[in-house]
Amino acid sequence: WDMGLEQLLLVADCWRCLDRSVPSYLGILFSYANLHWKDLTLPQFVQLLYIIGEGRRSPADLAQKVESTILKHLDAFTLEELGAICLGLFKSLSGISEHVMRRIADRVSLQMEDMSTYALVNVLKMLRYTRMDHLPLMRELGRVIPAQIPATNIQGIMHITLTYSSLHFFDEDVLAAVATSLPSKVSYCRSKDAAKFLWSFGCLDYEPPNEEEFYSSLIKQLHAKLHEFSKFPEHLLTALLGLAFVKRFPEELIDFALRKEFVQKTRGSKYELNKDLFTLGKSVEIECPTYQGSHLTPQLCQEFTEMVSSFAEREIYVRPEIVEATSLLESMLGGPEYVKNHMILPHTRSSDLEVRLSADGRPIPFNFKDPVAAKKLRDMGVNLTDDLMSQLLQGRAHNRSPTEVGNEARIPSQERGDTTCMGGALPAGATSQAEPKAGLWQPGEVRLALQVSNRNHFCYGSRRLLGLHCLKRRQLRLLGYAVVELPFWEWFPLLRRTRSEKLSYLHYKVFCPALLTRAA
């Protein structure tokens, strides 16, 4: 307490250089700073935030003062100081209001070319942490960063790439520049870096022009880092899921990940890895019929299915756009026995409205048990208010209408259903061992899996499906289902229209001429 703030900050940084954790000392520093807040110079404020970040904890009583100081002096900080501030906030997991982050992003988007890549990456870390979209910054980043990537270190490139995937923002120029630079630098990848690269490209469903070189170099690096995955099991699952999204299944690594010993490590992780393990295990069963390695036990699969189904009943089946579609389909087809609101593939974590048609195009009754939550759903009385419709159509993050985002990409159509894996593609006429046990298929029967998608299934502001949802549609087709899209830019506006308009739309979707031709 007899030292000045300059000395306290210097000693704190010395402890950091010695790699020593000193929570008691930092507590004194933070208390001193709180008492003498008005005396802090801007360089001292920046240094304090840096120390807070290195200490990996955020003093709650300083949070409001930190935000106020950033706003008050935003234009006075250098761009490098803004980068240091963001790094401190990110490392200490400090919550920051969207308003403050947006103000920082506003300034960075106007002066990005004057920032070092290091400072810019630190701003991107905080942008990702706050999960805030900022279109001017992302567009400017897409213009500036591709030329800087060859000279950026591998961790910096990873954080840039992860920003795009975390915000579901697709920019082919940036991703192609990353893919071009990465193979020559791949030996510098930690297990975490390799995993995040694979996840990001898979999440955005992007295979670069040099895809074979890109993927083979990263898979080779995963093998080289195999010893690290016992300590960090989450990285291996992240990597393998990213690969699965783009139809790649390295069997040796999958066998390692599905062994009993590794599964036990995932169960003891501080991260929730059950869903990822479930998605990987069931995907291998469907897409790799010749795979001979380890599998998840039936008991684990049942446990995971119950966990996912419980979540779906609370959070997915009750969404108004799904409730409305289910109710109207029941009316149109003849009753609840003709449609089922459930997850055909629970490991893909989203619902399907299943309908079955005979060879001559007539609906087939099959749902003779009470649908999962049908009675609950009918009694809920969801009111489609203007506010709810605004959230459904536009979301919280931005105000672009579905018609404005229409032409930027696509939903993968039937031709995207071709699937290869390292274990071999599903042979013609073969049936996957993972096919849901839902009764024998009648001759000529067509099973429809209607997808009531929402904007979170797509890349930001586009119609490009994310990797998990591409994987789901691919696997449904492999199991013999015809995937029918009710995309949000078509279905959500109809929720405010007349009943007859909605029924007409659903009738066309279910009795599509192409589907009837297939049934015939």
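The residues of the chain are indexed from 1 along the displayed sequence. The figures here come from the full heavy-atom set of this structure, side chains too, leaving out hydrogens, waters and symmetry mates. None of the values given here were measured: they were computed from a predicted structure.
Judged by distance alone, with hydrogens and angles left aside, the side-chain atoms of Gln155 form no donor-acceptor pair with the main-chain N or O of Asn153 at under 3.5 Å. Side-chain N or O atoms of Arg474 include one that pairs as donor or acceptor with a backbone N or O of Phe245 at under 3.5 Å. The backbone N or O of Val263 lies less than 3.5 Å from a partner atom in the side chain of Thr266, making a donor-acceptor pair. A donor-acceptor contact shorter than 3.5 Å is absent between the side chain of Lys125 and the backbone of Thr163. In this structure, Tyr129 contributes its side chain and Leu93 its backbone to a donor-acceptor pair below 3.5 Å. Side-chain atoms of Ser216 come within 3.5 Å of backbone atoms of Glu213 as a donor-acceptor pair (strictly under, hydrogens ignored). Side-chain atoms of Gln221 come within 3.5 Å of backbone atoms of Cys189 as a donor-acceptor pair (strictly under, hydrogens ignored). Judged by distance alone, the side chain of Asp205 and the main-chain N or O of Leu466 form no donor-acceptor pair under 3.5 Å. At distances below 3.5 Å, not a single donor-acceptor pair connects side-chain atoms of Arg319 with backbone N or O atoms of Asn454.
Note on ring orientation: taking the six-membered ring where Trp is involved, the planes of Phe511 and His507 are tilted (angle from 30° to 60°). Using a 30° and 60° split on the angle between ring planes, Trp491 and Tyr505 fall in the parallel class, below 30°. Note on ring orientation: taking the six-membered ring where Trp is involved, the planes of His457 and His469 are parallel (angle under 30°, cut-offs 30° and 60°).
Residues Asn274 and Glu272 bring a donor and an acceptor atom of their side chains to less than 3.5 Å of each other. Looking only at atom types and distance, the side chain of Glu306 has a donor-acceptor partner in the side chain of Gln302 under 3.5 Å away. At a cut-off of 3.5 Å, with distance as the only test, a side-chain donor of Gln475 or His347 sits close to an acceptor on the other residue. For the residue pair Glu140 / Ser109, no side-chain donor-acceptor distance below 3.5 Å is found, with atom types taken as modelled. Glu228 and His235 share no donor-acceptor pair across their side chains, judged by distance under 3.5 Å alone. Residues Glu98 and Thr130 have side chains that never bring a donor and an acceptor to within less than 3.5 angstrom of each other. In this model, a donor atom of one side chain and an acceptor atom of the other lie less than 3.5 Å apart for Lys472 and Ser350.
Between Tyr164 and Phe170, the distance separating the two ring centers is not shorter than 6.0 angstrom.
Atom CH2 of Trp199 is separated from atom CG of Leu243 by 11.5 Å, given to the nearest 0.5 angstrom. A distance of 6.0 Å separates CG in Leu241 from OG1 in Thr279, rounded to the nearest 0.5 Å.
Taking a 6.0 Å sphere around CD of Glu303, one finds it holds more than 12 heavy atoms contributed by other residues, nucleotides or ligands. Counting non-hydrogen atoms of other residues, nucleotides and ligands closer than 6.0 Å to CD of Glu315 gives a total above 12.
Annotation: cation-pi pair Lys192/Phe197 absent, no NZ/CZ under 6.0 Å from the ring centroid and within 45° of its normal. A cation-pi contact, defined as under 6.0 Å to the ring centre and within 45° of the axis, links Arg356 to Phe366.
Under the 4.0 Å criterion applied to side-chain N and carboxylate O atoms, Lys247 and Glu287 are not assigned as salt-bridge partners.
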